[in-house]
2 protein chains.
Amino acid sequence: MSKAAKTSERILRAAEKLFSEKGYEATSLREITQLAEVNLASVNYHFGSKKGLIQAVLERYQRVFMPALSAELKLLEATQNITTERILTCFIGPLAALEEVRQGGAEIYLKLLGYGYSEIQGHLRKFTMNRFGDVVQHAFRLFTLANPHFAAETLFWRLHFALGTVLFVQVSGKALNEIARADFSDPNPELFMTQRLLPYVAAGISAPEL
Amino acid sequence: MSKAAKTSERILRAAEKLFSEKGYEATSLREITQLAEVNLASVNYHFGSKKGLIQAVLERYQRVFMPALSAELKLLEATQNITTERILTCFIGPLAALEEVRQGGAEIYLKLLGYGYSEIQGHLRKFTMNRFGDVVQHAFRLFTLANPHFAAETLFWRLHFALGTVLFVQVSGKALNEIARADFSDPNPELFMTQRLLPYVAAGISAPEL
DNA sequence: CTTCGTTTAAAACAGGTGTTTAAATACACC
DNA sequence: GGTGTATTTAAACACCTGTTTTAAACGAAG
């Protein structure tokens with residue numbers, strides 16, 4: 001079963017696991033090919049370069065997540081009942097849908113994004129905006145509808161703060177969970193998202209302007 | 001004037017600049033020694049290893065920031081008027097005080113912390129807690145006083161969310177500012193902290209529990 | 001001036017990186 | 001079944017990494 005998968009698929013699965021655990025630069029092609037039980041050169045054969053592999057790994061998740069998010073946003077917009085919390089909730093379903101590309105897919109995707117933002121500065125952002133800029137802008141438009149009294153600049157920064165909160169927590173999640181587990185009970189990932197992260201982020205975004 | 005400084009000082013100044021710009025792993029000792037106009041081997045002579053250099057760079061800032069923060073916290077505790085916003089404001093002055101170790105010191109320090117949390121997982125946290133755990137615990141105690149109705153677990157997570165927000169924004173700040181500058185006016189760093197980040201973070205921390 | 005511990009200097013070390021090459025194999029199609 | 005393309009393989013490539021070595025230069029004390 002494990003040996004049955006085609007080479008490029010085995011590379012992708014090994015790569016997304018290691019990338020999400022240690023980041024892109026800290027993961028070598030030799031680690032990836034070793035875990036995938038595949039020859040080193042096959043990475044460059046199938047994906048051209050390490051950068052190409054990184055993009056391929058990310059794109060697999062984006063192509064599932066972004067359309068699903070887009071659908072949720074359109075659904076919400078039709079209800080005419082747009083609040084910050086409701087917009088944020090639109091992200092939950094599409095994240096959970098990533099389980100279909102792999103077990104733990106939501107967590108992996110967020111970590112890939114997190115490392116992407118701190119390591120390959122700008123590249124990931126441009127890559128995302130080029131391919132899914134319309135979805136991002138749609139979300140932004142809904143946020144302005146939910147907070148019509150905010151200056152565009154305020155909302156711009158707060159949404160990036162929110163992104164930062166989510167990505168940072170995900171990237172340093174292992175270390176955090178080790179500390180938390182010492183004092184508190186083990187958190188269910190999905191509940192963690194809706195019960196812990198979402199209230200914090202929603203309150204931050206909707207905080208009154210000075 | 002530039003050539004006058006002693007070797008180890010020149011290494012530290014070059015290292016903290018490059019580390020804060022590109023992260024620890026992405027910065028090589030050869031880049032550092034080249035910028036410092038110093039021989040490569042002198043890093044290992046003065047600091048033992050690259051890890052030793054990283055710790056030395058960080059410690060220089062911690063030794064200024066942490067005592068200043070501790071003083072602010074004690075001052076606040078004496079007032080008997082403890083709110084989330086006031087605790088967060090305690091961080092502003094000590095951050096600004098880092099300008100005395102170097103111009104732009106506050107920004108450098110936060111970036112050093114940010115990269116530390118995503119790269120050298122856990123090490124930085126243990127290092128900080130070992131040396132300044134009392135200050136951290138003091139801050140945590142004040143936050144529980146300001147939010148007495150919260151479960152300890154809730155506050156634990158929200159404070160880490162807040163840390164994540166600040167560090168992520170700082171680390172990806174260059175890219176963010178480039179986007180922001182295209183649409184908005186240039187933000188003053190100190191005002192950015194107090195007028196933009198602090199309201200978001202304070203509202204997130206104090207958000208009502210579900 | 002000489003001596004001795006500290007500091008700098010150039011070079012080499014051992015190991016790891018992404019990538020490329022060229023030959024061997026697998027596989028589909030006529 | 002043989003042919004030709006697609007894929008896999010092992011090896012080498014060129015470069016970069018942190019660290020160590022050995023010798024030279026420095027600077028203060030006797």
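As a basis for the values below, the full set of heavy atoms in this structure was taken, side chains included, without hydrogen atoms, waters or symmetry mates. Here is how names work: the chains are called A, B, and so on, in the same order as the sequence lines, proteins then strands, and each is numbered from 1.
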K.L.:
Where the side chain of R30(B) is defined as all heavy atoms beyond and including C-beta, which of dT8(D), dT19(C), dG18(D) is the nearest nucleotide?
P.N.:
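Nearest nucleotide to the side chain: dG18(D).
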K.L.:
Which residue, A26(A) or H46(B), contacts DNA chain C at a nucleotide closer to its 5' end, judged by nearest heavy atom?
P.N.:
H46(B)
K.L.:
Parallel, tilted or perpendicular, judged at 30° and 60°: which one describes the rings of F192(A) and W157(B)?
P.N.:
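Judged by the thresholds at 30° and 60°, the geometry between F192(A) and W157(B) is perpendicular.
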K.L.:
Tell me which nucleotide among dG18(C), dA10(D), dT8(C) gets nearest to the side chain of A41(A).
P.N.:
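When the side chain of A41(A) is considered, dA10(D) is the closest of dG18(C), dA10(D), dT8(C).
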K.L.:
Please state how far atom CD in E25(B) lies from atom P in dG16(C), giving the value in whole angstrom units.
P.N.:
16 Å
K.L.:
OP1 or OP2 of dT9(D) versus the side-chain N and O atoms of S42(A): is any pair under 4.0 Å?
P.N.:
no
K.L.:
Find the distance F47(A):CZ to dT20(C):P and express it as a whole number of Å.
P.N.:
16 Å
K.L.:
In whole Å, I'd like the distance from the NZ atom of K51(B) to the P atom of dT19(D).
P.N.:
10 Å
K.L.:
Measure the distance from CG on L18(A) to C1' on dT17(C) and round it to the nearest whole Å.
P.N.:
16 Å
K.L.:
Counting heavy atoms from C-beta on, name the nucleotide in dT8(C), dT8(D), dT19(D) closest to the side chain of L40(B).
P.N.:
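That would be dT19(D).
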K.L.:
Under 4.0 Å between any heavy atoms, over every strand shown, what does S28(B) touch: base, sugar-phosphate, or nothing? Just pick one.
P.N.:
sugar-phosphate
K.L.:
Go through it in stages, so that I can follow the logic: the residues are E21(A) and K111(A), the test is salt bridge (charged side-chain N to carboxylate O under 4.0 Å, His left out), and I'd like the CA-CA distance, side-chain angles, deciding distance and then a yes or no.
P.N.:
CA-CA 8 Å; E21(A) 283 175 4; K111(A) 286 186 182 177; over 6 Å; no
K.L.:
Which part of the nucleic acid, if any, lies within reach of S8(B) when heavy atoms closer than 4.0 Å are counted: base, sugar-phosphate only, or nothing?
P.N.:
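Here S8(B) touches no strand at all.
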K.L.:
Please give, in whole Å, the distance from dA10(D) P to Q34(A) CD?
P.N.:
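The distance from CD of Q34(A) to P of dA10(D) comes to 13 Å, rounded to the nearest Å.
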K.L.:
Check whether the side chains of S20(A) and Y115(A) place a donor and an acceptor atom closer than 3.5 Å, and report yes or no.
P.N.:
no
K.L.:
Please give, in whole Å, the distance from dG18(C) C1' to E31(A) CD?
P.N.:
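About 13 Å, once rounded to whole Å.
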K.L.:
How long is the line joining CG of N39(B) and P of dT21(D), in whole Å?
P.N.:
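Taking atom P of dT21(D) as the reference, CG of N39(B) is at 16 Å.
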K.L.:
Between Y200(A) and F161(B), what is the ring plane arrangement, given parallel below 30°, perpendicular above 60°, and tilted in between?
P.N.:
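Perpendicular: the ring planes of Y200(A) and F161(B) meet at over 60°.
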K.L.:
Of the nucleotides dG18(C), dT19(D), dT8(C), which has the atom closest to the L29(B) side chain?
P.N.:
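Selected nucleotide: dT19(D).
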K.L.:
From CG of N44(A) over to P of dT7(D), roughly how many Å is that when rounded to an integer?
P.N.:
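The answer, rounded to whole Å, is 15 Å.
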K.L.:
Starting at CG of L35(B), measure out to CD1 of I11(B) and round the result to the nearest 0.5 Å.
P.N.:
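Here the rounded value is 11.5 Å.
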